[in-house]
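Just below is one structure, and these are the notes that go with it.
Everything numeric here is computed off the predicted structure, so don't read it as measured data.
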Amino acid sequence: MRLRNSATRRVEPFRPLDPDHVRLYLCGPTVYDRAHLGNARNVILFDVLARLLRHDWPRVTYVRNVTDVEDKINARAAETGRSIEDITAETTGWFHEDMAALGNLPPDEEPRATDYISQMIAMIETLIARGHAYGAEGHVLFSVASYPDYGALSGRSIDDMIAGARVEVAPYKRDAMDFVLWKPSNADTPGWDSPWGRGRPGWHIECSAMSKALLGTSFDIHGGGNDLMFPHHENERAQSCCADPGAGFAQVWLHNEMLLVEGRKMSKSLGNFFTVRDLLDRGVPGEVIRFVFLSTHYSKPMDWTEEKAREATKVLRRWRDLTAGVTEGDLYEPALQELRNDLNTPGAIAEMHQLAHAGDATMLKATARMLGLLTEELGDWHRQGPADGADRSLLIEKETQLVRMRAWAKENRDFSRLDAMKTALTRAGIDVRMSSDGIDLVPNDDFDSKALHSIARDEEAEA
C-alpha cells in the first residue's frame, strides 16, 4: 500500500509500526450542529481506508473522537438556552445517523473529550515540567518557540502562520503564536478542577490526549480535512512530540481536500450550503452521495453537482440490477491495487465499470462492498425508486432495443421509428440519454409505469 503523507509531501510505501496491529486516528465532529456535506468526506475516506486495512492486515484499531467540550458548543447553549448535555447528545446522535446513512461503519473506538480530562491535565503537567508550557492568569499555554520543528507539518514559516491565522492577542502570552492548553471557566461554562484552577481544555490538547490513551505515543495514521493541518494538527504534533520526545506521534498524516458545490466554495451566503441531512431529506440516497464522493480522489477538491448525483444514481441502479440475488465472489485484484495506490477510489470505480460491462456480478458485488457500496443497508432507495422491479427490467430491454434501432436508422437513413420511440418514452417520464458509449433510460419525477408498459404492449401487438 502507498499513501500520500502530508508530513513528507510524497506518496510513499505504507509500513505499519506493528504489522500485527495497524492504528489510525481521525479527528471527529465538534457536536453542536448537523454535519455539513464537507464533514462527510474524511469520514468516507477513513471508512474505505479502514476496510482496506482490515483486508490486508490482521488487526486494525480505528479511533474517531467526539469533541463535546468546545467554545462553539458553549455559544450554541447560550444562544438557545438549552443545556450543553442536551445539545451534545442530540447532535452526536444526528452525526451517527447521517454517517450511517452514507454507508460508514462505526469506528472501533469513539472517545468523548469529557471522558479524558484527567489525561489532558496529566499531559499538560508533563509539558510544563519539560519547559514546553507555562501558566499565566489561569491559562496554560504551549510555548511554540520551545519546539524548533513547529511548522514542519504544514510547511509554513512562523511569519506565514501569523499572517494566515487569527492569532489571539493576549497580554499573558509570551509569544503571539503560543496557543492555549487550558483556559479558565466561569459559572456559565463547563469546568473541571485542575492545578491551575477550575477550567477546561483547549481544543488541540484533546486529540493528543485521546490518541495517546487509545493508540499509544506512536501510531500509524492520523487524518482529517486539510483545513485542520494548521493550526489543529500542527499543534497536536507539537504537544505530543514534546510530551513524549522520541515517540514520533503519527507516522503518516492523511488529509483530504475540500468540497465545492457546483464549482463554488460552499457558503451560506451563496445559498449552496448543505448538510448531509438536507440532501437525504431531499431524496438523494446516501449511497449516491457516497458514490459521488468516491468518484474524486481525496487529494483533489471534490465538486458536488446535481449532474454527478444523477449519473451516480444511474450507475448504481444498473449495478444493483446486475447484482440482485447473487452472492459475493472474489475481490477484483486490479480494483484492489487501485485502492492500495493511495486510495485511488476513482480508479477502483473505473475497474468496477469494466466488471459491470463484462457482466461479472459476483466479483462486482464483492469489490463494491470494499468501497461500502451495494450493501443491503443502503439498498432501500433502489427498491423504492421511481422505476421498480419489472419497470427496471423493461427499461434495460428498451435500452438494448434502442441501440439496435439507432444502428438500423443510421444504416438506412430512416430515423422515424427511433424518433417515435424516443417521443413515447419521454412522454412516459423517461429521460433518453444517447452517447457514443450507449443509451441510458433514466426515469424522472414524471415517470409513469403504466405508460412504459403500454409502450411494450403496443409493440407486442404490432409484432
Side-chain angles (χ1 to χ4, degrees), residues 1-8 10-29 39-67 95-96 99-100 102-113 116 119 153 204 206-229 232-237 239-241 244 247-257 290 293-294 297-299 336 339-345 348 370-372:
M1 183 186 293
R2 300 166 72 243
L3 292 174
R4 188 178 308 266
N5 190 351
S6 299
T8 63
R10 294 194 303 268
V11 178
E12 53 195 22
F14 171 65
R15 297 183 179 91
L17 295 168
D18 177 359
D20 294 324
H21 185 193
V22 181
R23 291 161 291 160
L24 57 156
Y25 186 94
L26 174 66
C27 287
N39 297 144
R41 192 174 193 192
N42 55 43
V43 177
I44 293 173
L45 168 66
F46 264 64
D47 183 65
V48 173
L49 173 61
R51 290 171 190 262
L52 181 62
L53 291 171
R54 290 191 177 104
H55 178 269
D56 287 353
W57 276 277
R59 182 185 174 197
V60 173
T61 298
Y62 167 27
V63 178
R64 185 185 68 212
N65 76 292
V66 171
T67 296
F95 183 79
H96 289 160
M99 295 306 106
L102 301 183
N104 297 299
L105 299 173
D108 299 297
E109 300 280 355
E110 192 176 47
R112 295 171 182 250
Y116 289 80
Q119 289 89 337
L153 175 62
H204 314 301
E206 295 178 8
C207 287
S208 285
M210 287 185 281
S211 62
K212 179 179 178 178
L214 293 169
L215 298 175
T217 57
S218 298
F219 55 93
D220 296 298
I221 302 169
H222 193 319
N226 67 356
D227 59 325
L228 296 185
M229 189 183 301
H232 184 50
H233 288 166
E234 193 75 71
N235 292 353
E236 267 191 80
R237 178 175 178 267
Q239 297 162 164
S240 295
C241 290
D244 294 284
F249 196 42
Q251 177 187 3
V252 175
W253 289 86
L254 201 65
H255 292 98
N256 61 277
E257 269 286 349
R290 185 181 184 91
F293 274 58
L294 295 176
H297 193 272
Y298 76 87
S299 66
L336 269 180
L339 292 179
R340 292 185 182 120
N341 183 20
D342 192 25
L343 295 174
N344 185 11
T345 54
M370 177 62 74
L371 292 171

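Nearest heavy-atom pair, W57 versus P16, reported as atom, atom and distance to 0.1 Å: NE1-CG, 3.5 Å. Heavy-atom minimum distance, L105 versus D47: N-OD1, 2.9 Å. Between E206 and T67, the closest heavy-atom pair is OE1-CG2, 3.3 Å. The two residues H297 and S299 come nearest to each other via the heavy atoms ND1-OG, 2.8 Å. Of all the heavy atoms in M229 and H255, the pair that sits closest is CE-ND1, 3.5 Å.
Rounding to the nearest 0.5 Å gives a distance of 9.5 Å between CG of L339 and CG of D56. Separating the CD atom in E12 from the CG atom in N5 is a distance of 4.5 Å, to the nearest 0.5 Å. To the nearest 0.5 Å, atoms CZ (R2) and CZ (R10) are separated by 11.5 Å. From L294, atom CG reaches atom CG of N344 across 11.0 Å, with rounding to the nearest 0.5 Å. Here the straight-line distance linking atom CD of Q251 with atom CG of L3 works out to 9.5 Å at 0.5 Å rounding. Annotation: the span from L52 atom CG to F14 atom CZ amounts to 10.0 Å, rounded to 0.5 Å.
Ring-plane geometry between W253 and H233 is classed as tilted, the angle between the planes lying from 30 to 60 degrees on a 0 to 90 degree scale.
Judged by distance alone, with hydrogens and angles left aside, the side-chain atoms of D342 form a donor-acceptor pair with the main-chain N or O of R4 at under 3.5 Å. With hydrogens and angles ignored, the 3.5 Å screen pairs a side-chain donor or acceptor of N104 with a backbone N or O of M99. At least one donor-acceptor pair closer than 3.5 Å links the side chain of N65 to the backbone N or O of G28. Looking at R290, its side chain does come within 3.5 Å of a backbone N or O of L102 through a donor-acceptor pair. A donor-acceptor pair under 3.5 Å links the side-chain atoms of R23 to the main chain of S218, judged by distance alone. Under the 3.5 Å distance criterion, the side-chain polar atoms of R51 are left unmatched by any main-chain donor or acceptor of L371. Proximity of a side-chain donor or acceptor of S211 to a complementary backbone N or O of S208 within less than 3.5 Å is detected. Side chain of N226 to main chain of E257: no donor-acceptor pair is present (N/O by atom type, distance under 3.5 Å, no hydrogens or angles).
You'll find the side chain of L26 stays beyond 4.5 Å of the side chain of V63, heavy atoms only. The shortest side-chain heavy-atom distance between C207 and H232 falls under the 4.5 Å cut-off. A heavy-atom distance below 4.5 Å is not found between the side chains of R59 and D18. The shortest side-chain heavy-atom distance between L49 and Y62 does not fall under the 4.5 Å cut-off. A 4.5 Å side-chain heavy-atom check between L214 and T61 finds every atom pair outside the cut-off. In this structure, L228 and N42 have side chains that are not in contact, with every pair of non-hydrogen atoms separated by 4.5 Å or more. Looking at K212 and Q119, their side chains never come closer than 4.5 Å, going by heavy atoms from C-beta outward. Here the side chains of E110 and H96 are in contact, with some heavy-atom distance below 4.5 Å.
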Check against side chain to side chain contact (heavy atoms under 4.5 Å, CB included), L254 and F46: CA-CA 9 Å; L254 201 65; F46 264 64; 4.0 Å; yes
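Considering L45, I44, L343 in turn, L45 is the only one that fulfils the side-chain contact (heavy atoms from CB on, under 4.5 Å) rule with N256.
With ring centers used as reference points, F249 lies under 6.0 Å from F219.
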